[in-house]
Protein chains: 2
Amino acid sequence: MTEATYFILAALLQEPLHGYGIIKRAGEQSAGRVKLAVGTLYGALDRLAEAGLVVIDHEEVVDGRPRRYYRITDEGVTAVREEAVRLQQAARVVTVQIAVMGA
Amino acid sequence: MTEATYFILAALLQEPLHGYGIIKRAGEQSAGRVKLAVGTLYGALDRLAEAGLVVIDHEEVVDGRPRRYYRITDEGVTAVREEAVRLQQAARVVTVQIAVMGA
DNA sequence: GGACCATATATCGGGGTCCGATATATGGTC
DNA sequence: GACCATATATCGGACCCCGATATATGGTCC
C-alpha cells in the first residue's frame, strides 16, 4: 500500500468524506506533513473503489455542483489496520538498531 | 522516502554490505516480508549514493568477480531515523482511531 | 553429466503511482 | 478586480519498482 492510499483510508475512518475533505483531513491528521495532490487523490480513489476498500456513500449537490462522499468498507478498515502494523514494525527495525548503537 | 530505500538504509545500519547481502538482510529484518528485487536495489543504491546517504566502503574480488560494499553515512543514519519517526507517527494515526472505535 | 539453486552484479523495459498544471465553477475577502 | 478557498476532473511528465534477462561460479541432487 502506498502512503497516499494509506492516508486516504485513514482520513475516512471517522466518517464519509468527499474528495476535498479527504485532502484536508489527511493534512490535519499528519500535522501538515501529508499534502495529497488532487491528481493523486482521484486516481487513488478509483483504485480503492475498484479494490472494494472504499465505496461511494452518497452524492450531494451543493451550489449546482456534485459532491461525492466516499466511505471506507470493513475490508478497507482491515487493510489500513494491517498496514499500520506493518509501518509500526518497519519503524521498529530502525529504532531498535539505533537504540543499541547509542548504548 | 520509498519503502525500498528505507529498508536498504536499515540493512546497512549494523555494517557495510554488498548488494546481495543487502537483499538478504532486508528480508531477515522484516521477517521475510520485504523482498528487494535486484532491479530495485541497484537503481536505489545509485540514487542513495548520489544523495550522499550511502558511500562505497570498499571493493573485494571473490572468485574473480567484484563485490562492492556499501556503507551508510551519518546523513543516511539521520535520514532513516527521521523516516522511522514518520512511519511511527503514520501508524499511530490509524491505531489511535481504531482503538477509539473499539471503546 | 545435467538440472537446479544460491551467490553476485548489471541493465532494460513495462507498468504503476505521484503530482503539478490545467480547466471549470462559485462565493467570500481585500 | 484580484485573489483565495472550495470542489471535481483529466492529462502528461517524472519517478520508482520489479520481473526478465545476461553473465559467471560452486554446490547439491539425481
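Order of the sequence lines sets the chain letters (A, B, ...), proteins ahead of strands, with each chain counted from 1. What you see is a predicted model; the values in this text were computed from it and never measured.
Expressed to the nearest 0.5 Å, how far CG of A:Leu13 lies from CD1 of A:Ile8 amounts to 12.5 Å. In this structure, CG on A:Leu41 lies 5.0 Å from CD1 on A:Ile23, to the nearest 0.5 angstrom.
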**Study point:** Pair B:Val55-B:Tyr70, side-chain contact (heavy atoms from CB on, under 4.5 Å): steps then yes or no
**Key:** CA-CA 6 Å; B:Val55 289; B:Tyr70 291 89; over 6 Å; no

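B:Glu59 places none of its side-chain heavy atoms less than 4.5 Å from the side chain of B:Arg67. A heavy-atom distance below 4.5 Å is found between the side chains of B:Val34 and B:Leu36.
Residue pairs meeting the salt bridge (Lys or Arg N to Asp or Glu O under 4.0 Å) criterion with at least one member in residues 90-103 of chain B, sequence neighbours excluded, do not occur. Judged as a salt bridge (Lys or Arg N to Asp or Glu O under 4.0 Å), the pairs with a partner in residues 48-58 of chain A (not counting sequence neighbours) are, in order, A:Asp57-A:Arg71. Here salt bridge (Lys or Arg N to Asp or Glu O under 4.0 Å) pairs that include residues 10-20 of chain A, with residues two or more places apart or in two chains, are A:Glu15-A:Arg25. Here side chain to side chain donor-acceptor pair (under 3.5 Å) pairs that include residues 33-47 of chain B, with residues two or more places apart or in two chains, are A:Gln89-B:Arg33.
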Review point. Dot-bracket for DNA chain C, 5' to 3', with Watson-Crick and G-U pairs under 3.5 Å, [ ] for crossing pairs and | for other-strand pairs: what is it?
Key: ||||||||||||||||||||||||||||||

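Atom P of nucleotide D:dC15 and atom CD of B:Glu50 are separated by 11 Å, given to the nearest angstrom. Rounded to whole Å, the distance from CE on B:Met1 to P on D:dC17 is 11 Å. A:Glu3 places its CD atom 14 Å from the C1' atom of D:dC16, with the value rounded to the nearest Å.
Using a 4.0 Å cut-off on heavy atoms, none of the residues of residues 79-87 of chain B approach DNA chain C. Remark: A:Ala37, A:Val38, A:Gly39, A:Thr40 in residues 27-44 of chain A come within less than 4.0 Å of DNA chain C through at least one heavy atom. For residues 8-21 of chain B, proximity to DNA chain C is found at B:His18, B:Gly19, B:Tyr20, defined as any non-hydrogen atom under 4.0 angstrom from a strand atom.
Between chain A and DNA chain C, the heavy-atom contact criterion of under 4.0 Å yields a 5' to 3' nucleotide range of C:dT17 to C:dT26.
Every residue was checked against the salt bridge (Lys or Arg N to Asp or Glu O under 4.0 Å) condition with A:Arg81, not counting sequence neighbours, and none meets it. Legend: residues meeting side chain to side chain contact (heavy atoms under 4.5 Å, CB included) with B:Glu83, ordered by chain and number and at least two apart, are B:Met1, B:Tyr6, B:Arg86, B:Leu87. Applying the salt bridge (Lys or Arg N to Asp or Glu O under 4.0 Å) criterion to A:Asp63, with sequence neighbours excluded, gives A:Arg65.
Here the shortest heavy-atom pairing between A:Val54 and A:Leu45 reads CG2-O, 4.1 Å. When all heavy atoms are compared, the tightest approach of B:Tyr69 to B:Pro16 is CD2-O, 3.7 Å. The heavy-atom pair separating A:Ala11 from A:Ala26 by the smallest distance is CB-N, 4.3 Å.
Nearer the 5' end of DNA chain C, as judged by each residue's closest nucleotide, is the contact made by B:Tyr69, out of B:Tyr69 and A:Thr5.
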